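Here's the structure, in structure tokens; my notes come after.
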Amino acid sequence: MVNLLIKVLGGGGEVGRMAVFVKDATMDKGFLFDYGVNFDENDRPVMPGHVRPRDLAAVFLSHSHLDHCGALPGLYVSSPPPVYATPLTLELADIMFKDAIKLSGYYLPYEDEEIKAVLDHAIPVTYGEDIDVANDVRAYFVNAGHVPGSMITILEINGARVLFTGDFNLAQTNLLRGADLGSIPRDVDVVIMEGTYVMNTHPPREEVERDFIKVIRETIEGGGSVLIPVFTIGRAQEILITLYKNGVDYPIIIDGLARLANQVVARYPHYLANPELYMKAVENSLEIAADYQRRSLTKEPVIIISPAGMLKGGAAVYYLKRLGKDRRNAVILPSYQAPDTPGFELLTRGRAFVDKSEVVLEAKLYWFDFSSHSGRAELETFIRHFNPDTKILLVHTEAIKALQFLDRLKDKYGIDNIHVPTSDESIIVNAHR
């Protein structure tokens, strides 16, 4: 029997700030899955629970969004552990670390030197790879289908299997193949999985795309421009390829950090569902990098894709202030909008404070569900994949919604092997091996 100690350092009963520490009770060192950060309404970082770097045998980074990687460089001041991730995740995380310093550098416990240390101690891995991590410890990696380079990790510690999903999506999108459920064993002792959308069913992507493209065509043909605020990694590339796939032949502009992310993703075509389509979509767009180019853009009908996805900074804010005053224009939000963000304020009130000034939106406003997370049906499919005696910890989710989801699983399938931990909770799991 293997006694596993699991400490949820962040992401318990909350979305984001993901961090989970796992160790065999007989071992001196343990393993860390992700180490993310959230930001409060004043853009101050909210860090996960503390873990000493010298207590870590390895770190596994699921993907490059800041709520999964943003606190990681703070561990690389002393006794730096190796960090395992796909090479694409490592390059994209470097972009996000540096952007976090620009946004909240005064409050972050790291600088450029620590970012460099993360990359210096990185060990690139890829899907399907099975590696030795330490004595009696092996790791196997599977496509997570969430953003380019995202991975699910299966860690075997003294014969006990622990699976960590990070964020994952079973459904295929225009950009990525769905998570590779067929490569995941059923006899896993502990599954630590995200449940962001435990009570949401995503609409069919074909319907979303149809309505999305219709709004864009109507806006441009009516003499207006379209602003699409996006997440730098994942959503920017998904929107770009969706426009090209649907034959949108109006000028498409890429601004902000999405320019750099697009270039990095293009260097790793094997992670994409249709590399050729993506490369054509990138070639069909125009990158903007200078203020004088931005000023000229708003004079003619164009489609602008730019971070930040929730309008908390980035070049999208510049365009919002200029395009938002004209009723011919449209602002399309293709991502989740967290409370206390300008994007959420626009959706609920039609106005928002952006860069300390109020924007009253005259342009048409739309929201489309281009989520890269599994919805409720996919989460149920994933859970039912495992043996009934598998212990499942549901993290990266709102506690109340997660408990409602558990009631549904018990009533519908008789499943009662799931626990919703809180952040800072410790759990002991006895794995019979």
Side-chain angles (χ1 to χ4, degrees), residues 4 6-8 10-18 20 22 33-34 62 67 142 144-146 152-154 160-173 178-208 336-339 367 369-432:
L4 295 174
I6 302 173
K7 290 189 69 175
V8 179
E14 60 180 331
V15 175
R17 201 169 67 110
M18 195 67 254
V20 178
V22 177
F33 295 110
D34 288 354
S62 67
D67 62 331
V142 174
H146 174 58
I152 292 170
T153 299
I154 303 155
R161 284 175 171 169
V162 180
L163 182 146
F164 178 74
T165 64
D167 293 342
F168 75 103
N169 188 9
L170 291 184
Q172 178 159 330
T173 65
D180 187 6
L181 187 59
S183 295
I184 295 175
R186 295 179 181 273
D187 58 337
V188 174
D189 296 284
V190 185
V191 171
I192 306 166
M193 62 178 287
E194 67 117 334
T196 312
Y197 288 99
V198 286
M199 295 305 291
N200 294 74
T201 299
H202 300 308
R205 185 56 65 93
E206 296 79 9
E207 293 180 11
V208 174
Y336 169 76
Q337 303 297 310
W367 179 82
D369 186 354
F370 277 92
S371 178
S372 57
H373 291 263
S374 288
R376 185 176 67 190
E378 291 81 20
L379 293 171
E380 290 181 3
T381 297
F382 191 76
I383 288 168
R384 296 178 67 201
H385 173 79
F386 299 100
N387 291 340
D389 58 349
T390 296
K391 180 70 175 179
I392 296 177
L393 303 180
L394 195 61
V395 295
H396 203 281
T397 184
E398 297 176 29
I400 293 177
K401 291 181 179 179
L403 294 174
Q404 293 173 331
F405 179 63
L406 265 58
D407 287 342
R408 172 185 169 86
L409 289 175
K410 189 169 184 178
D411 292 342
K412 189 175 181 180
Y413 304 111
I415 294 174
D416 60 357
N417 58 338
I418 306 176
H419 175 59
V420 182
T422 59
S423 292
D424 299 326
E425 182 176 345
S426 295
I427 301 132
I428 298 291
V429 176
N430 299 319
H432 296 274

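Each residue takes its place number in the sequence, starting with 1. All values reported here derive from a predicted model rather than from experimental measurement.
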Smallest separation among heavy atoms of [X] and [Y], with atom names:
X      : Y      : value
Val208 : Pro203 : CG2-CG, 3.5 Å
Ile184 : Phe382 : CD1-CE1, 3.9 Å
Ile152 : Thr165 : CG1-O, 3.6 Å
Ser423 : Gly11  : OG-N, 3.4 Å
Leu394 : Ala402 : CD2-CB, 4.0 Å
Ala179 : Phe168 : CB-CD1, 4.4 Å

Would you say the side chain of [Y] lies within less than 4.5 Å of the side chain of [X], judging by non-hydrogen atoms?
X      : Y      : result
Val22  : Ile192 : yes
Leu4   : Ile428 : no
Arg384 : Ile415 : yes
Leu379 : Phe405 : yes
Pro388 : Asn417 : no
Asp167 : Ser62  : no

What is the distance from atom [atom1] of [X] to atom [atom2] of [Y], rounded to the nearest 0.5 Å?
X      : Y      : atom1 : atom2 : value
His385 : Leu163 : NE2   : CG    : 8.5 Å
Ile392 : Ile418 : CD1   : CD1   : 4.5 Å
Asp411 : Asp416 : CG    : CG    : 11.0 Å
Arg408 : Met199 : CZ    : CE    : 7.0 Å
Arg161 : Thr390 : CZ    : OG1   : 10.5 Å
Thr196 : Arg376 : OG1   : CZ    : 15.0 Å

Is a salt bridge present between Lys391 and Asp189, judged by a nitrogen-to-oxygen distance below 4.0 Å?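 Between Asp189 and Lys391 there is no salt bridge, as every charged N stays at least 4.0 Å from the carboxylate O atoms.
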
Salt bridge check: are Glu425 and Lys7 linked by an N-O gap of less than 4.0 Å?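 Salt bridge between Glu425 and Lys7, a charged N being under 4.0 Å from a carboxylate O: no.
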
Donor + acceptor pair across side chains of [X], [Y] (<3.5 Å):
X      : Y      : answer
His373 : Asn200 : no
Glu380 : Tyr413 : yes
Thr397 : Glu194 : no
Asn169 : Ser372 : no

Derivation and outcome, side-chain contact (heavy atoms from CB on, under 4.5 Å), residues Met193 and Leu393: CA-CA 6 Å; Met193 62 178 287; Leu393 303 180; over 6 Å; no

Any side-chain to backbone donor/acceptor pair from Glu378 onto Gly375? Under 3.5 Å, distance only.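 Checking the backbone N and O of Gly375 against the side chain of Glu378, a donor-acceptor pair under 3.5 Å is found.
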
Is it true that a side-chain atom of Asn387 and a backbone atom of Asp389 form a donor plus acceptor pair closer than 3.5 Å?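 Judged by distance alone, no pair lies under 3.5 Å.
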
So Val8 and Thr422, side-chain contact (heavy atoms from CB on, under 4.5 Å) or not? Walk me through it. CA-CA 7 Å; Val8 179; Thr422 59; over 6 Å; no

In terms of ring plane angle, is the pair Phe33 and Phe164 parallel, tilted or perpendicular, where the classes change at 30° and 60°?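 Plane angle under 30°, so parallel.
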
Please report the C-alpha distance between Val162 and Ile154 in whole Å, then the side-chain angles of each, then the deciding distance to 0.1 Å, and finally whether the side-chain contact (heavy atoms from CB on, under 4.5 Å) criterion is met. CA-CA 6 Å; Val162 180; Ile154 303 155; over 6 Å; no

From CA spacing to verdict: side-chain contact (heavy atoms from CB on, under 4.5 Å), Ser371, Tyr197: CA-CA 9 Å; Ser371 178; Tyr197 288 99; 3.4 Å; yes

